[in-house]
There are 2 protein chains.
Amino acid sequence: MVTVGIKDVARRAGVSPGTVSNVLNRPERVAAATRSRVEEAIRELGFVRNGSASTLRAGQSRAVGLVVLDVGNPFFVEVARGVEDVVSDRDHAVILCNSGESPEKEARNLRVLAEQRVRGVLITPAGDDTSDLLRLREHGVAVVFVDHSASGDVCSVAVDDVAGGELAVRHLIEKGARRLAFVSGPKAIRQCSDRRRGALRALETSDLLPGDLTDIVVPEMNAHGGQLAARTLLDEGLPDAVFCANDLLALGVLRVLLQAGVRVPEDVALIGYDDIEFSSAAAVPLSSIRQPTYQLGKIATELLLDECDDPAGHAHQQIMFQPELVVRESSG
Amino acid sequence: MVTVGIKDVARRAGVSPGTVSNVLNRPERVAAATRSRVEEAIRELGFVRNGSASTLRAGQSRAVGLVVLDVGNPFFVEVARGVEDVVSDRDHAVILCNSGESPEKEARNLRVLAEQRVRGVLITPAGDDTSDLLRLREHGVAVVFVDHSASGDVCSVAVDDVAGGELAVRHLIEKGARRLAFVSGPKAIRQCSDRRRGALRALETSDLLPGDLTDIVVPEMNAHGGQLAARTLLDEGLPDAVFCANDLLALGVLRVLLQAGVRVPEDVALIGYDDIEFSSAAAVPLSSIRQPTYQLGKIATELLLDECDDPAGHAHQQIMFQPELVVRESSG
DNA sequence: CTGTTAGCGCTTTCAA
DNA sequence: TTGAAAGCGCTAACAG
């Protein structure tokens, strides 16, 4: 095992360690000839800068944390892509963490990120208690909420989920649905409660009553959760239409319904949320609510890094996008 | 911005910094009373250990790197789940990197991981030149190949892709296919070339000739690549059956074929690879080759951490799983 | 433009 | 069982 430090490089190039550090961090301050001598020594020796040492000395790293609810969900993968693109443009790294919708796992992830002294954290919170996050900020870690709208003194980039829920359910009602079901994950997840509120709002502007919407809550917002929900639906009597809080749930519901011989959309209309790529390729192409997913990640990261680069001159912003209805066969 | 160090904790608890460090790292060596006093001080002060400092001092971090070809591919997400489970059991962290099948991005990722002084790297290499990786090992970073079989002095966990390719194509031939196409990403990706070799082997054991298999190579192994391939197929004349190097490609092919009015499997039979969750829910449920994906990640990580914990007593292992044919409608 | 120097916060002998 | 002290490798003043 070889360990090459900045001193070894300095010796080899016949300069001081400080100069090597300058070549690494502020190359413009070093004479071209010296610089190339140092660069050659670095190459010859296979020197790799010790990130811990520079982070320790500089007081902060060149990494940001991204904490998502479910890495298995293509929605978050697309967000991550947006983050990654900006971050690597600015020569930083992303540490991707998965909270699996669990506040405990989220807290563990945040502890690790705090220990790593990341410059900032992009997070879709798993619960409604964001006090841990505010504590992070006191330690000098910037925070931006992703797919979650904040108030006042934090940046956030979100999509109007109430509007999205309303869009989905109004569409189902226009297609003739009178008895509806809403399939979602735990109510503590804001995306779920907001989309539900939107659904209720659509009911209000129709001749239906709140009681015409049945809630089915499952523990996880993935295809497995959807399958569970569909079985409940099958047991308790099918509604005219089902609105799922995301496409993964809808795909699971679709699968079980089709297996049971239920026709979609003839017997039951179905709509999901997020418009992930797989939805259009499903057994019955899935109607959904589309969000500017990549943009969410991209803009959130720009906000975060701007805040890190100039904390004083930074004004917190809350950005809210509008979602869009995509109609396909499942509700056509 | 608050900065609480180990010294502050020590002062508050009325002990020395060394004792605080012991509470953090070897609690059993500290008297119970002292320990709880220190723990209380930690809580009161909101102390978070500086990971850079401890990594610097200890010479290595408690993190491992995972470099995958495509985070957008559910196959790798499932691998990552296996990795994550083991790693968090052992109180380590994962730094997840995406090479996007590009050796350049891979090299950048490896540099970052080397700077972070990760204990080890789990990687599915993007090219066939693994010399960068061997260099990593000289710097004391353990390496385990995932979904890629190595020889002799490195650990690897893989699935027999030649056997898988053979399984897929033999099945298509048994179903009556005489003219076949193989859709894959760049040949430099080992998964592609191995699966193709398997396909040819199946041809050999039949009455078909190598010329009966047409190669369609697309730049990216995702749904978009599949769509491209399908258009080529449509232009150049359809074969009886299509074997895709992964399910994402197959899903893309399926979509374009169906849009063009081609019936699957009546006009063209189709089989993918990986058996990702979405495949069974596709417009025409997709036949595929199943691999023990989660196990791949889990076992690779165990091998890696064992090597890190006891480099001397560690014997390198190459583990090879056998894949399994899953027949669904698309080739039924 | 380059060298010297003083730590960043923590771990880890070694003594007490 | 606890304390004192010596760095880990690097950066950022400051001097030259």
Side-chain angles (χ1 to χ4, degrees), chain A residues 1-39 41-42 45-63 114-119 139-141, chain B residues 1-39 41-42 45-63 111-112 114-119 139-141:
Chain A
M1 161 157 169
V2 198
T3 312
V4 181
I6 225 173
K7 280 176 172 168
D8 304 294
V9 175
R11 200 174 311 124
R12 173 79 161 228
V15 297
S16 75
T19 300
V20 176
S21 174
N22 278 332
V23 170
L24 256 25
N25 301 302
R26 272 105 75 244
E28 70 284 358
R29 294 201 194 164
V30 180
T34 317
R35 196 195 317 153
S36 54
R37 206 143 32 89
V38 171
E39 281 163 350
I42 287 176
L45 262 31
F47 166 78
V48 179
R49 166 222 249 110
N50 184 324
S52 310
S54 54
T55 297
L56 174 59
R57 186 58 240 242
Q60 59 174 358
S61 69
R62 296 186 71 72
E115 285 189 5
Q116 296 311 123
R117 296 296 189 265
V118 292
R119 297 194 72 184
H139 285 270
V141 178
Chain B
M1 163 160 169
V2 198
T3 311
V4 181
I6 223 171
K7 280 176 173 168
D8 304 295
V9 175
R11 201 174 310 123
R12 173 81 162 227
V15 297
S16 75
T19 300
V20 177
S21 174
N22 278 331
V23 170
L24 256 25
N25 302 301
R26 272 106 78 249
E28 70 283 1
R29 291 199 196 167
V30 180
T34 317
R35 195 195 316 152
S36 54
R37 205 142 32 88
V38 171
E39 281 163 351
I42 288 177
L45 264 32
F47 166 78
V48 179
R49 167 220 247 110
N50 184 323
S52 309
S54 54
T55 298
L56 173 60
R57 188 59 241 245
Q60 59 175 357
S61 68
R62 296 185 71 72
R111 199 180 47 74
V112 171
E115 286 189 4
Q116 296 310 122
R117 296 298 189 265
V118 291
R119 297 195 72 183
H139 286 271
V141 179

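Please read all numbers here as calculations on a predicted model, not as lab measurements. Below, chain A is the first sequence line, B the second, and so on; all start at residue 1.
Not counting sequence neighbours, A:Arg117 has no partner by the salt bridge (Lys or Arg N to Asp or Glu O under 4.0 Å) test. For the side-chain hydrogen bond (donor to acceptor under 3.5 Å, both in side chains) test, no residue two or more places apart in sequence or in another chain qualifies with A:Ser61. Annotation: side-chain hydrogen bond (donor to acceptor under 3.5 Å, both in side chains) contacts of A:Thr19 (sequence neighbours excluded): A:Ser16. Here A:Arg62 pairs with nothing under the salt bridge (Lys or Arg N to Asp or Glu O under 4.0 Å) rule; sequence neighbours left out. With sequence neighbours excluded, the residues satisfying salt bridge (Lys or Arg N to Asp or Glu O under 4.0 Å) with B:Arg12 are B:Glu44.
In 5' to 3' order, the nucleotides of DNA chain D bounding all contacts with chain A (an atom under 4.0 Å from a heavy atom) are D:dG9 to D:dA12. Protein chain A contacts DNA chain C from C:dC1 to C:dG9, reading 5' to 3' and using non-hydrogen atoms of the protein with a distance under 4.0 Å.
A:Pro17 and A:Lys7 get closest at one heavy-atom pair: CG-CG, 4.3 Å. Here the shortest heavy-atom pairing between A:Leu56 and B:Ala53 reads CD1-CB, 3.8 Å.
Listed by first then second residue, pairs satisfying salt bridge (Lys or Arg N to Asp or Glu O under 4.0 Å) with a partner in residues 49-61 of chain A read A:Arg49-B:Glu115, not counting sequence neighbours. Pairs of residues two or more places apart, or lying in two chains, that qualify as side-chain hydrogen bond (donor to acceptor under 3.5 Å, both in side chains) and include a residue from residues 26-35 of chain B are B:Asn22-B:Arg26.
For the helix from C:dC1-D:dG16 to C:dA16-D:dT1, the terminal axes (five pairs an end, C1' atoms, rotation from four pairs onto the next four) enclose an angle of 30°, given to 10 degrees.
Side-chain contact of A:Asn25 with A:Ser21: a donor-acceptor pair under 3.5 Å is present, judged by distance alone.
Across A:Thr3, A:Asp8, A:Leu24, A:Val38, a single residue satisfies side-chain contact (heavy atoms from CB on, under 4.5 Å) together with A:Phe47, and that is A:Leu24.
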Given A:Val15 and A:Arg37, is the side-chain contact (heavy atoms from CB on, under 4.5 Å) satisfied, shown in steps? CA-CA 9 Å; A:Val15 297; A:Arg37 206 143 32 89; 4.2 Å; yes
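From A:Ile6, atom CD1 reaches atom CD1 of A:Ile42 across 8.0 Å, with rounding to the nearest 0.5 Å.
Each of A:Arg57 and A:Thr34 was matched to the nucleotide of DNA chain C holding its nearest heavy atom; the match closer to the 5' end belongs to A:Thr34.
Within residues 5-21 of chain B, the residues approached by DNA chain C to less than 4.0 Å at the level of any non-hydrogen atom are B:Gly5, B:Ile6, B:Gly18, B:Ser21, in residue-number order.
Residue contacts for A:Ala31: at a heavy-atom cut-off of 4.0 Å it reaches the sugar-phosphate backbone alone, with no base atom in range. Within 4.0 Å (heavy atoms only), A:Thr55 reaches no atom of the nucleic acid at all.
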